[in-house]
Amino acid sequence: MSNTDHKVILTCAQPSGQLHLGNYFGALLNWASMIDDYECFFGIVDQHAITAPYVPAELRQATYRNLALYIASGLDPEKCHLFCQSHIVGHTELAWILGCLCPIGQLERMTQYKDKTQRQDSGFIGSGLLNYPVLMAADILIYNADRVPVGEDQKQHVELCRDLAIKFNNTYSETFKVPEVYIPKTGARVRSLQDPNRKMSKSDANQSGCVYLLDPPNIVRKKIRSAVTDSGSAVRFAQDKPGVSNLLSIMSASTGKSIEDLENEFAGSQYGTFKDAVADAVITVLEPIQAKYEEIQKDKAYLDRIFREGAGAAQKRANKIMSKVYRKVGFVPRT
Ligand code: ATP
Ligand code: LTN
């Protein structure tokens with residue numbers, strides 16, 4: 001991990017809500033597969049999480065819970081840097097500087113901003129929501145990351161980050177690497193069990209469509225048994241069978257078996273038999289994660305130590321970039 005030749009990977013997730021199977025197959029598993037080959041920084045971005053209405057005590061709880069779940073899901077803190085965004089001095093400072101280079105129009109055109117402002121039911125839209133992608137650009141550039149693994153939905157934000165890196169470099173001289181976006185192919189989109197046309201999402205009003213990593217086995221089985229299936233009875237991956245196809249994808253991701261092998265295995269089976277097998281497979285994936293989570297979540301001192309160590313490594317790298325940035329923009333050095 002300390003090998004300086006290694007390319008730097010940076011990615012983050014907000015500590016909002018509970019982590020679910022979509023987060024696991026679409027993000028955590030892919031992140032874990034990189035820790036042996038890259039120097040990885042994984043951030044829990046609490047400063048991003050306050051751009052939407054929230055409850056402070058729940059944010060604090062979710063920040064610890066996500067850290068414990070990251071570790072339980074395979075992000076070994078001996079092999080990667082796990083940090084909490086607000087522990088690092090520099091993210092918001094760099095966001096300010098980048099914000100001064102960022103046209104407001106570009107922020108107003110961001111898909112996520114448009115979606116969220118349409119959905120915000122309190123009628124209040126804070127400027128943090130508009131500036132969110134600038135803070136995200138700072139999260140990435142402050143570590144001079146080479147590569148940023150994200151879901152498809154975040155691609156536009158990484159593109160803005162690239163634009164800002166280029167703009168800074170052109171305005172002040174070469175400083176930032178222009179990071180590449182990386183969208184993993186596997187597990188890219190786990191869909192809701194209740195509405196397979198939508199992604200599995202913690203913000204979904206219908207929670208029975210979402211399997212949480214901490215759901216006990218009986219709840220997992222209940223949710224999977226009541227997953228919507230399609231007309232007909234064949235267990236087949238097809239466009240006109242989004243429900244069954246989603247279950248096949250989940251089972252394939254859980255077992256490592258190909259979709260084709262699974263179709264053969266369940267040819268002639270009833271949906272009920274197939275769903276039970278999917279539930280078994282998911283429960284088998286979740287069991288060791290939950291066991292590890294139970295073991296570490298009680299140990300606050302351990303979690304605090306991981307955050308402290310992660311912040312140490314992250315701050316060291318951030319300081320290097322920030323002193324360069326401050327010099328380039330013309331700030332007088334602190335003596
Ligand atoms: P939600 O819509 O559930 O609130 P999110 O996209 O805001 O989810 P984050 O916690 O910000 O969730 O996402 C963490 C990572 O998990 C991101 O890289 C995101 O692309 C990925 N992810 C979230 N939901 C899914 C899903 N259903 N399938 C695959 N990947 C997903
Ligand atoms: N916006 C992202 C979370 C996020 C992020 C980042 C991802 C914040 N900063 C930096 C990658 C790099 C999300 O909502 N999933």
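Counting convention: from 1, in listed order, for ligands and their atoms alike.
- At least one heavy atom of His20 sits closer than 4.0 Å to an atom of ligand 1.
- Here's the thing with Gly22: one of its N/O atoms is less than 3.5 angstrom from an N/O atom of ligand 1.
- Contacts between Asp153 and ligand 1, counted as non-hydrogen atom pairs separated by less than 4.0 Å, involve the side chain only.
- Close approach to Val190 involves these atoms of ligand 1, each under 4.0 Å from a residue heavy atom: 26 (C), 27 (N), 28 (N), 29 (C).
- Checked against a 6.0 Å centroid threshold, the rings of Tyr132 and His48 count as neighbours.
- Partners of Glu180 according to the salt bridge (Lys or Arg N to Asp or Glu O under 4.0 Å) rule, which considers only residues two or more places apart in sequence or in another chain, are Arg147.
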ask   = Please walk me through it: do Thr229 and Lys241 pass side-chain contact (heavy atoms from CB on, under 4.5 Å)?
value = CA-CA 7 Å; Thr229 34; Lys241 291 174 121 357; over 6 Å; no

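- Every atom of ligand 1 with a heavy atom of Met200 under 4.0 Å away is listed here by number and element: 24 (N), 26 (C), 27 (N).
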| request: Check step by step if side-chain contact (heavy atoms from CB on, under 4.5 Å) holds for Met34 and Cys40. | output: CA-CA 7 Å; Met34 296 174 194; Cys40 295; 4.0 Å; yes

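- Between Val150 and ligand 1, not a single N/O pair is under 3.5 Å apart.
- For Tyr70 and Tyr293, the gap between ring centers reaches or exceeds 6.0 Å.
- In this structure, Ser192 and His20 have side chains that are not in contact, with every pair of non-hydrogen atoms separated by 4.5 Å or more.
- You'll find the side chain of Ile9 stays beyond 4.5 Å of the side chain of Phe41, heavy atoms only.
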Ligand 2 polar-atom proximity to protein (N/O, under 3.5 Å):
from	atom 1	to	atom 2	distance (Å)
ligand 2	1 (N)	Tyr132	OH	2.6
ligand 2	1 (N)	Gln154	OE1	2.9
ligand 2	9 (N)	Asp139	OD2	2.7
ligand 2	14 (O)	Tyr132	OH	3.0
ligand 2	14 (O)	Gln154	NE2	3.4

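- An N or O contact shorter than 3.5 Å is missing between Trp31 and ligand 1 by distance.
- Contacts between Ala27 and ligand 1, counted as non-hydrogen atom pairs separated by less than 4.0 Å, involve the side chain only.
- Glu93 is listed as a side-chain neighbour of Met322, based on a closest heavy-atom distance under 4.5 Å.
- Comparing Leu28, Ile183, Asn23 against atom 13 (O) of ligand 1, the shortest heavy-atom distance belongs to Asn23.
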Stepwise, does the salt bridge (charged side-chain N to carboxylate O under 4.0 Å, His left out) test hold for Glu108 with Lys114?
-> CA-CA 7 Å; Glu108 285 168 339; Lys114 288 197 283 188; over 6 Å; no

